[in-house]
Amino acid sequence: MSKVIGIDLGTTNSCVSVMDGNEVIVITNREGSRTTPSIVAFTNTGERLIGQVARRQAAKNPKATIYAVKRLIGRSMDDPEVQRMKDLVPYDIVPMGEGERQYPGVQIGSDVYSPQEISAMIIAHLKEIAEDYLGEKVRQAVITVPANFNDSQRQATRDAGRIAGLDVLRVINEPTAASLAYGFGEDKDETIVVYDLGGGTFDISVLRLGDGLYEVLSTLGDPFLGGEDFDNVIVQNLVNEFYAEHKIDLSTDEAALYRIKDAAEQAKQELSLTTETMINLPFITLSGTEPLHIERTLTRQELEAWTLHLVERSLPYCENALKDAGITADDVTKIVLVGGMTRMPLVRRTVAEYFGIAVDPDVNPDEVVSVGASIQAGVLNGEVEEVFLMDVTPLSLGVETAGGVFLPLIPRNTAIPCEASEIFTTSVDYQEMVPVHVLQGESPLASENHSLARFELWGLPPLLRGMPQIEVSFKIDASGIVSVSAIEKATKHEANIKIEASGGFSEDEIQKMIDKAEAQREEDEHLHDLIEGVNAAKSSLYLTERSMKELGAYLKDEQKDNWKSHIDDARALLDKDPRDLDLEDLKLAKENLDAIQASVAEAAYKAMMGE
Ligand code: AMP
């Protein structure tokens, strides 16, 4: 049976794992790390870098280093978060898409990539890491998403998996995955709170675990609360202090900001281990010709004072999640912390105090989500038995009714998969079409919620108003993905629905992205083969030249001249850009060089023997 991998596709870091027997293995990447930065960079030589290597060159290539793309995926161009990102990131976000709605794309030179394609590059990289480890091709995956991702974001994430060449068997919620990992293999009865504070988002879920059944009781989140906010507070303080001292505003200096942000994040992380750290940024800017530096000690106490308000912002969500689950903090028996930010002592302390119990120190907050995804993968391909997952939909699903009012049909926290239906009718005699607007959200106003699709029911029988009875069914599958169907009850005719793919792009557009990514992968593989061919031929060239030099004294001049001219030809070939070369030519060049090397040795041997 081929393996199904579990992928935690994070805003800042991603993690891939796989089940091996009864155990989950978190797979180490090529740099020896168990998590990989969710960063893609495009270099000016046309190379694509992913992960740690992309991160390392970010400061000198800010416009073509793409990070936090998870904040864009599945959103439309007019989404306030996209506008916020445009102000925040150094890379260019431009509108793209063929339909009525415009979606954010990332501009690199003359190319525009959708967030799905960028995410697909990260997923494809994780897939390769898994394939290297397993020694076989991987075709299927379970991918996690924040619990509060709406239908568009889930579909877009699934599309990213498809573009990466994976069949995404299930999209599951990160906190649910975390709880799966926590309780796996043990027979426990617990009420678990999963508190997940990552790089960009905060999620809280309450689950009940008993007899292998994981039941999600409630889930809530703030998509605008995460580690970046903590970094920004530090950056803001450093920029303000610098301004107070030097009257120079560093907030408009992109290169300086990059360095400050990096140092801020590093200091924040160090202060989880120590109580004091140094922020040292020499030559941050110039005042006239005088170089200026940032040099300052930052204490844990200061950091905690600066960021307490951020940690406290998570508490009302905790309260509401408990309320939604119909329990109180006293009922909670276990807290599972997820996300890099939960390594911060202030976060651990605040959460422990709020729930009145200690946090589990054994759970690795960076890996637990991916581990859970692998367990779910194991359940789906039959490797794991006796684990059942009952998840819920995080947002109410409904339609717009007269006056722009939102009518919820499936309330949030309903167990999935689930379905609901609603009867629609006409408001004018002989009306041929009824428009339906499907939304997700909690506001009573349709305009305040997330629009999933607008579609039109056509082909209605010509009847007086109010007569046609169109039953529209809404289904949410186990991945939280919505589908809609409609039937006219009198004629039993299926209504003709024109529906836009909610993930952002039409099936055609996604197919184009899949083809493009496949072609790119082939191109990358070809380039990789060419570079390997060049390297192999270069090592033959080196050995042949060395033999010629060492044994030159035993060789005849005309032999030497003949071989030298071949060697010169080979060197000229190997100095070219690998992209302009041909694999066959490289193979031939290497064979020629190897043959010359053998001939040199043979001729020298004969000369030594006096033949
Ligand atoms: P995640 O999205 O779960 O990978 O979380 C990433 C966030 O966690 C980033 O903002 C990191 O700076 C932060 N983080 C990682 N390690 C630590 C640490 N030891 N202390 C505080 N924050 C951390």
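Computed from heavy atoms alone, side chains included, the values below leave out hydrogens, waters and symmetry copies. We number each residue from 1, following the sequence as shown. Bear in mind the structure is a predicted one, so any value in this text is a computation, not a measurement.
For Asp132 and Arg30, the salt-bridge test passes: some basic side-chain N is under 4.0 Å from an acidic carboxylate O. With respect to Glu265 and Arg55, a salt bridge is recorded, a charged nitrogen being found less than 4.0 Å from a carboxylate O. The pair Lys606-Glu602 counts as a salt bridge, with a side-chain nitrogen and a carboxylate oxygen less than 4.0 angstrom apart. Salt bridge absent: Lys564 and Asp568 never bring a charged side-chain N and a carboxylate O closer than 4.0 Å. Between Glu136 and Lys127 there is no salt bridge, since no side-chain N of the basic residue sits under 4.0 Å from a carboxylate O of the acidic one. Electrostatic pairing of Lys3 and Glu383 counts as a salt bridge here, judged by a charged N lying under 4.0 Å from a carboxylate O. Salt bridge present: Arg71 and Glu228 bring a charged side-chain N and a carboxylate O closer than 4.0 Å. A salt bridge links Asp159 with Arg162: the distance from a Lys NZ or Arg NE/NH1/NH2 to an Asp or Glu carboxylate oxygen falls below 4.0 Å.
Judged by distance alone, with hydrogens and angles left aside, the side-chain atoms of Thr43 form a donor-acceptor pair with the main-chain N or O of Glu47 at under 3.5 Å. Asn173 contributes no side-chain N or O that, together with a main-chain N or O of Asp391, makes up a donor-acceptor pair within less than 3.5 Å. Counting only distance, with no hydrogens or angles, the side chain of Asp229 and the backbone of Gly226 share a donor-acceptor pair below 3.5 Å. When atom types are taken as modelled, the side chain of Gln102 and the backbone of Pro95 share no donor-acceptor pair closer than 3.5 angstrom. Put simply, the side chain of Gln83 gets close to the backbone of Met77: a donor and an acceptor are under 3.5 Å apart. Within the 3.5 Å criterion, the main-chain N or O of Glu270 finds no donor-acceptor partner in the side chain of Thr277. Between the side chain of Thr144 and the main chain of Glu174, no donor-acceptor pair closer than 3.5 Å is present. Formation of a donor-acceptor pair under 3.5 Å by the Thr11 side chain with backbone atoms of Lys70 is not found in this model. Side-chain N or O atoms of His293 include one that pairs as donor or acceptor with a backbone N or O of Phe283 at under 3.5 Å.
Residue Ile284 holds its CD1 atom at 9.5 Å from CG of Leu238, rounded to the nearest 0.5 Å. Within the model, atoms CD of Glu523 and CG of Leu530 stand 10.5 Å from one another, a figure rounded to the nearest 0.5 Å. One finds the CG atom of Leu72 at 10.5 Å from the CD atom of Gln153 (value rounded to the nearest 0.5 Å). To the nearest 0.5 angstrom, Asn29 atom CG is 12.0 Å from Ile50 atom CD1. Remark: Thr65 OG1 to Leu49 CG distance equals 8.0 Å, nearest 0.5 Å. Note that OG of Ser33 and CG of Asn13 are 8.0 Å apart. Values are rounded to the nearest 0.5 Å.
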Inset, instruction - Begin from the C-alpha positions of Ser272 and Gln269 and carry the test side-chain hydrogen bond (donor to acceptor under 3.5 Å, both in side chains) through to its verdict. - result: CA-CA 5 Å; Ser272 292; Gln269 295 188 2; over 6 Å; no
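Side chains of Gln155 and Asp151: a donor-acceptor N/O pair is present below 3.5 angstrom, by distance only. For the residue pair Asn150 and Arg75, no side-chain donor N or O sits within less than 3.5 Å of a side-chain acceptor on the partner. Defined by atom type and a distance below 3.5 Å, a donor-acceptor pair is missing between the side-chain atoms of Thr36 and His125.
Residue pairs meeting the ring-ring contact (aromatic ring centres under 6.0 Å, His included) criterion with at least one member in residues 530-585: none, sequence neighbours excluded. Applying the side chain to side chain donor-acceptor pair (under 3.5 Å) test to every pair with at least one member in residues 365-374, sequence neighbours left out, gives these pairs: Ser17-Ser370, Ser17-Ser374, Arg34-Glu367, Arg343-Asp366, Asn364-Glu367. Under the ring-ring contact (aromatic ring centres under 6.0 Å, His included) criterion, no residue pair touches residues 569-611, with sequence neighbours excluded. Residue pairs meeting the ring-ring contact (aromatic ring centres under 6.0 Å, His included) criterion with at least one member in residues 137-172, sequence neighbours excluded, do not occur.
The shortest non-hydrogen separation linking Ala178 to Val338 is CB-CG2, 3.5 Å. For Ser540 against Lys590, the heavy-atom pair with the smallest separation is OG-NZ, 3.0 Å. Ser38 approaches Ser14 most closely through the heavy-atom pair OG-OG, 2.8 Å.
Partners of Arg56 under the salt bridge (Lys or Arg N to Asp or Glu O under 4.0 Å) rule, at least two apart in sequence or in another chain, do not exist in this structure. Not counting sequence neighbours, the partners of Tyr91 by the ring-ring contact (aromatic ring centres under 6.0 Å, His included) test are Tyr67.
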